Q: 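The structure that follows is given in the form of structure tokens.
Scope of the values below: all heavy atoms of this structure, side chains included, with no hydrogens, waters or symmetry mates. Read the numbers this way: they start at 1 and go in the same order the structure lists the ligands and their atoms. All figures in this text were calculated on a predicted structure; none of them were measured in a lab.
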Amino acid sequence: MGLLALRRYIPYMRPYLGLVIVFGLAQLGSLAAAASIPKVIQLIIDGPIAHHQLTELRPMAALLVLIGLLEFVLVYVRRTYSGTASLRMETDLRNDFYAHLQDLQVSFHDNWQSGQLLSRAISDIGTVRRFVSFGLIWFLQTVVTSAVVLVLMWSLDWKLAIVVAICMLPIVYFSNKFHSKYKLIARRLQDQQGDLTTVIEEMATGVRIIKAFGRMPLMQKRFEDQARLLRATSLQGIRARAILWTQINFLPNLSLVAVLLLGGFNVVQGSLTIGGLIAFMNYVFMLTWPMDAIGWVLAMSEECQTACERLNEVLDSRPEIADRPGARAMEKSRGRIEFRGVGFKYPKSDEWILRNLNLVVEPGETVGIVGRTGSGKTTLAYLLPRLYDVEEGQVLLDGVDVRDLHLRSLRSHIGVAFEDPILFSASVHENLVMGRPIVSDEELKRAIDVAQAGFVWDLPWGLETRVGEQGYTLSGGQRQRLALARAVLGSPPVLVLDDPLSSVDVHTEALIEESLASVLEGVTGLLVVHRPSTLALADRVALIDGGTVIATGTHTELMKSNDLYRALLSQEYEGVPLGSPR
Ligand code: ATP
Ligand code: MG
């Protein structure tokens, strides 16, 4: 049950052991106070009341009030301390979960729906917290109360205590039945919540396309179907819990009848006092609440178990692209890139995207990558900063396999700008310095100039203007120029630019090319190119087809010697037979 699944998360409670101990002690204290009340009542009835000694009644009543007050205070302490400890634990766990998600390789995120990750990060971790702060306490309370009450009953009348215990035994059977049924329901429920989150998330990110294509009714239907599924599963859960509650709640009543009958008989026989019988019945009443709670605790523990399993699925995925043992840092890179016999397929796919690919880019050289759409140009660009690892062969930076370098060190030498210029919900400044936290104002200005991104100075708050989802909306070309500025910032020795000028007008393109040419002068560039104009930046061109480099040379050479190249970069593209795509 939930307790076992929680094992892995126990270290998260360790820093708050002090709090846990305080709340444990308060818990035991409040239990002792509650359990002593029937005993005092018995003493009052069998003592002052039975013997008509009213003078002794007052101090006894005062004792009762005192115990009640003590219980009140202890319950307050327990609640606040357990709440504090569990909230802190939840925060730590969520931080680690997020850090782990960031460590995981890109291919992990390719295969996981964001809604499923979102629901794990928010609702599953919340479920674990609720179990720790309420469920676990109620579980302990139930076990301890039942044990204490049974011992007290035993001390009063052991035969009656055995009768009560027997009446309670069916709990084991009912709980087991519930466990096997609710386990499946809880899992389905939490998965469906994740699916529902995905639908909302997709709608929010794709709202323009959805509206433009009039897909709203379809999306609405998808959402309603998903919501209906969730409702049906929730109903199954409610039904299962209701059945368990009914079954369990019946048991204390059953034992009450048994106690009344047998206890009454004992009183008549003289082996039990009336005060004893009342105390005994009070103990049975004390069992009612824990029995009530058992249903709740079991449901919560099942949900916690499922939540832990769902979290484990993510936390057990080890980052495949991480520092190898023995990996080292590279102080300064000359920027020599070599793809040696590279073969690559995307995880979970059998198709070789790149195979036997060889390409060397000498320090300071800029190589343009040309190939038909889908030929693997972007994929090749991903391999250098290790967003994916090669399946065969090696990618080398200054003759060192990139897998033998510290990731952080490797990536600090490479500036990247990919096809889709992603900006984050942060200021322009934060978006720019993302990769290089320490940059001077001059460097920043230079990067903005190179990318012809001077428009940032005219934004309402200049560099401090918030952009991205929750901020100022930039045009596609503006975003692309910011992404380019981000790539060249800090003058990394290697630049990987994937079609960096696709969204800017011809005039701006010419200006950027001019300034980029000077930036590329001293650095090694891997430049994915779609348009002939950008090729002016490349010293040499590599033509990719069928997953490999089929020709290299200057633009002029390839235009003369290679039909595919000529076709790709000329207006006649449509008319020329390009051979069968890979
Ligand atoms: P374009 O010129 O259109 O940008 P490209 O040459 O950059 O194309 P890639 O993006 O590298 O092409 O894609 C190469 C192949 O890999 C394509 O067939 C594509 O379907 C496949 N592919 C790309 N990304 C993934 C992925 N994450 N998982 C599986 N397959 C992928
Ligand atoms: Mg591409």
Q: Quick check on side-chain hydrogen bond (donor to acceptor under 3.5 Å, both in side chains): which of Arg228, Gln192, Gln193 does Thr233 satisfy it with?
A: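 By the side-chain hydrogen bond (donor to acceptor under 3.5 Å, both in side chains) criterion, Thr233 pairs with just one of Arg228, Gln192, Gln193: Gln192.
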Q: Would one find an N or O of Glu351, backbone or side chain, under 3.5 Å from an N or O of ligand 1?
A: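 In this structure, Glu351 places no N or O atom under 3.5 Å from an N or O of ligand 1.
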Q: Is any N, O or S atom of Asp499 under 2.8 Å away from the Mg ion (ligand 2)?
A: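 Checking the Mg ion (ligand 2) against Asp499, no N, O or S atom falls under 2.8 Å.
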Q: For Arg222, is there an ion pair with Glu202 - N to carboxylate O distance below 4.0 angstrom?
A: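 Yes, charged N to carboxylate O under 4.0 Å.
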Q: Of the non-hydrogen atoms in Asn562 and Leu543, which two are nearest, and what is the gap between them?
A: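 For Asn562 versus Leu543, the nearest heavy atoms are OD1-CD2, 3.5 Å.
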Q: Please check: side-chain N/O of Arg411 versus main-chain N/O of Arg386, any donor-acceptor pairing under 3.5 Å?
A: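 Yes, the answer is positive, given that a donor and an acceptor are paired below the 3.5 Å cut-off.
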Q: With a 4.5 Å cut-off on side-chain heavy atoms, are Pro492 and Val523 touching?
A: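 A side-chain contact is absent here, since even the closest heavy-atom pair is not under 4.5 Å.
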Q: Answer with side chain, backbone, both or neither: which part of Asp110 has a heavy atom less than 4.0 angstrom from an atom of ligand 1?
A: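 Contact part for Asp110 vs ligand 1: side chain (C-beta onward).
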Q: Look at the N, O or S atoms of Thr379, main chain and side chain alike, and state whether any lies under 2.8 Å from the Mg ion (ligand 2).
A: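 Here the distance criterion (N, O or S atom, under 2.8 Å) is not met by Thr379, so no.
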Q: Which of these, Gln113, Arg310, Gln190, sits in a side-chain hydrogen bond (donor to acceptor under 3.5 Å, both in side chains) with Ser119?
A: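 So, applying the side-chain hydrogen bond (donor to acceptor under 3.5 Å, both in side chains) to Ser119 and each of Gln113, Arg310, Gln190, only Arg310 qualifies.
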Q: Answer side chain, backbone, both or neither: which part of Thr378 comes under 4.0 Å from ligand 1, heavy atoms only.
A: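 For Thr378, the contact with ligand 1 is made by both the backbone and the side chain.
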Q: Heavy-atom contact under 4.0 Å between Gly374 and ligand 1?
A: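 For ligand 1, residue contact (heavy atoms, under 4.0 Å) with Gly374 is present.
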Q: Examine the proximity of ligand 1 to Glu419 and report which part, side chain or backbone, both or neither, has a heavy atom under 4.0 Å away.
A: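 The part of Glu419 near ligand 1 is the side chain, not the backbone.
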Q: What atoms of ligand 1 come within less than 4.0 Å of a heavy atom belonging to Thr379?
A: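 Numbered from 1, ligand 1 contributes 9 (P), 11 (O), 13 (O), 14 (C).
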Q: Only N/O/S atoms count here: what is the atom of Glu419 closest to the Mg ion (ligand 2) called?
A: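 Considering only N, O and S atoms, Glu419 comes nearest to the Mg ion (ligand 2) through OE2.
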Q: Could you check whether any heavy atom of Gly371 sits closer than 4.0 Å to an atom of ligand 1, since that is the contact criterion I want to use?
A: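 Checking ligand 1 against Gly371, which is what was asked, there is no heavy-atom contact under 4.0 Å.
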Q: Below 4.0 angstrom from a heavy atom of Ser375, which ligand 1 atoms are there? Numbered from 1 as shown, please.
A: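 The atoms of ligand 1 under 4.0 Å from a heavy atom of Ser375 are 6 (O), 12 (O).
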Q: Do any N/O atoms on Ile353 end up under 3.5 angstrom from N/O atoms on ligand 1?
A: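 Between Ile353 and ligand 1, no N or O pair is found under 3.5 Å apart.
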Q: Do any N or O atoms from the side chain of Arg566 and from the backbone of Met559 form a donor-acceptor pair under 3.5 angstrom?
A: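 Yes; judged by distance alone, with no hydrogens or angles, the pair exists.
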Q: Using the side-chain hydrogen bond (donor to acceptor under 3.5 Å, both in side chains) rule, pick out the option among Arg187, Glu302, Gln305, Glu303 that qualifies with Tyr182.
A: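 Of Arg187, Glu302, Gln305, Glu303, side-chain hydrogen bond (donor to acceptor under 3.5 Å, both in side chains) with Tyr182 is met by Glu303 alone.
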